[in-house]
Amino acid sequence: MHLGKVIGTIWATRKYDAVAGYKMQLVQPINYELENTASPIIALDTVGAGPGEIIFYVTASEAVIPLDVDMAPVDASIVGIVDSINTEK
């Protein structure tokens, strides 16, 4: 799993049937100190996250697991909304 911050929503009037009904979010990958770590990605939202929220997401073949279909062309899925991050240095 990876940390990210939702920085926007992507609207598409036409989508592949297997992902219809899922919102697409623009996600900025971050580390535990909330610093950007890579370029933004597009992820399907399975938990109702919104812009500004810190989330965790899965990538690769695991990205299809939270969906209600067996196969879909998905590279990333949001699977949780972060309430807090506690670290010890």
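For the numbers below, each heavy atom of this structure counts, side chains included, while hydrogens, waters and symmetry mates do not.
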> Among pairs that include at least one residue of residues 39-54, which meet salt bridge (Lys or Arg N to Asp or Glu O under 4.0 Å), considering only residues two or more places apart or in two chains?
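Matches after skipping sequence neighbours: Lys23-Asp45.
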> Quick check on the hydrophobic clustering: are Ile30 and Val58 connected, directly or via other members, by side-chain heavy-atom contacts under 4.5 Å?
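Yes: a chain of side-chain contacts under 4.5 Å links Ile30 to Val58.
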> Give a yes or no on whether Ile65 and Met1 share a hydrophobic cluster (residues Ile, Leu, Val, Met, Phe, Trp, Tyr; joining criterion: side-chain heavy atoms under 4.5 Å apart).
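Different clusters.
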> Can you name the salt bridge (charged side-chain N to carboxylate O under 4.0 Å, His left out) partners of Glu33, sequence neighbours left out?
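Per chain and number, Glu33 pairs via salt bridge (charged side-chain N to carboxylate O under 4.0 Å, His left out) with Lys89.
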> Applying salt bridge (Lys or Arg N to Asp or Glu O under 4.0 Å), which residue pairs with at least one partner in residues 56-65 are found, sequence neighbours left out?
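Output for this query is empty, none listed.
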> Which atoms form the tightest heavy-atom contact between Ala72 and Val69, and what is the distance?
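Minimum heavy-atom separation between Ala72 and Val69: CB-CG2, 3.9 Å.
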> Under the side-chain hydrogen bond (donor to acceptor under 3.5 Å, both in side chains) test, which residues partner Asn36, sequence neighbours left out?
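Asn36 satisfies side-chain hydrogen bond (donor to acceptor under 3.5 Å, both in side chains) with no residue once adjacent residues are dropped.
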> Which pairs count as ring-ring contact (aromatic ring centres under 6.0 Å, His included) when at least one residue sits in residues 62-89, sequence neighbours excluded?
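Every candidate ring-ring contact (aromatic ring centres under 6.0 Å, His included) pair involving residues 62-89 fails, so no pair, neighbours aside, qualifies.
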> Grab the two heavy atoms, one from Ala63 and one from Ser77, that are nearest each other, plus how far apart they are.
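Taking Ala63 first and Ser77 second, the nearest heavy atoms are O-OG, 2.5 Å.
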> If you round to the nearest 0.5 Å, how far is CD of Gln28 from CD1 of Ile54?
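One finds 10.0 Å between CD1 of Ile54 and CD of Gln28.
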> Give every residue pair that meets the ring-ring contact (aromatic ring centres under 6.0 Å, His included) criterion with at least one member in residues 50-80, sequence neighbours excluded.
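Qualifying pairs, neighbours excluded: His2-Tyr57.
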> Which atom pairs, donor and acceptor, lie under 3.5 Å between side-chain atoms of residues 3-20 and protein residues at least two apart or in another chain?
{"residue": "Thr9", "atom": "OG1", "partner": "Gln25", "partner atom": "OE1", "Å": "2.8"}
{"residue": "Lys15", "atom": "NZ", "partner": "Tyr22", "partner atom": "O", "Å": "2.4"}

> Write out all pairs satisfying ring-ring contact (aromatic ring centres under 6.0 Å, His included) with one or both partners inside residues 63-89, taking only residues at least two apart or from two chains.
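Residue pairs passing ring-ring contact (aromatic ring centres under 6.0 Å, His included), neighbours aside: none found.
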> Name the atoms and distances for all side-chain donor-acceptor pairs under 3.5 Å in residues 37-44, with sequence neighbours left out.
{"residue": "Thr37", "atom": "OG1", "partner": "Pro29", "partner atom": "O", "Å": "3.4"}

> For Thr87, which residues count as a side chain to side chain contact (heavy atoms under 4.5 Å, CB included) partner, sequence neighbours excluded?
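Per chain and number, Thr87 pairs via side chain to side chain contact (heavy atoms under 4.5 Å, CB included) with Tyr32, Ile85.
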> Does the side chain of Ile78 come within less than 4.5 Å of Val27's, by heavy atoms?
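Yes. Closest side-chain heavy atoms under 4.5 Å.
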> Can you name the residues that form a side chain to side chain contact (heavy atoms under 4.5 Å, CB included) with Asp75, not counting sequence neighbours?
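Listed in chain order: nothing, the list is empty.
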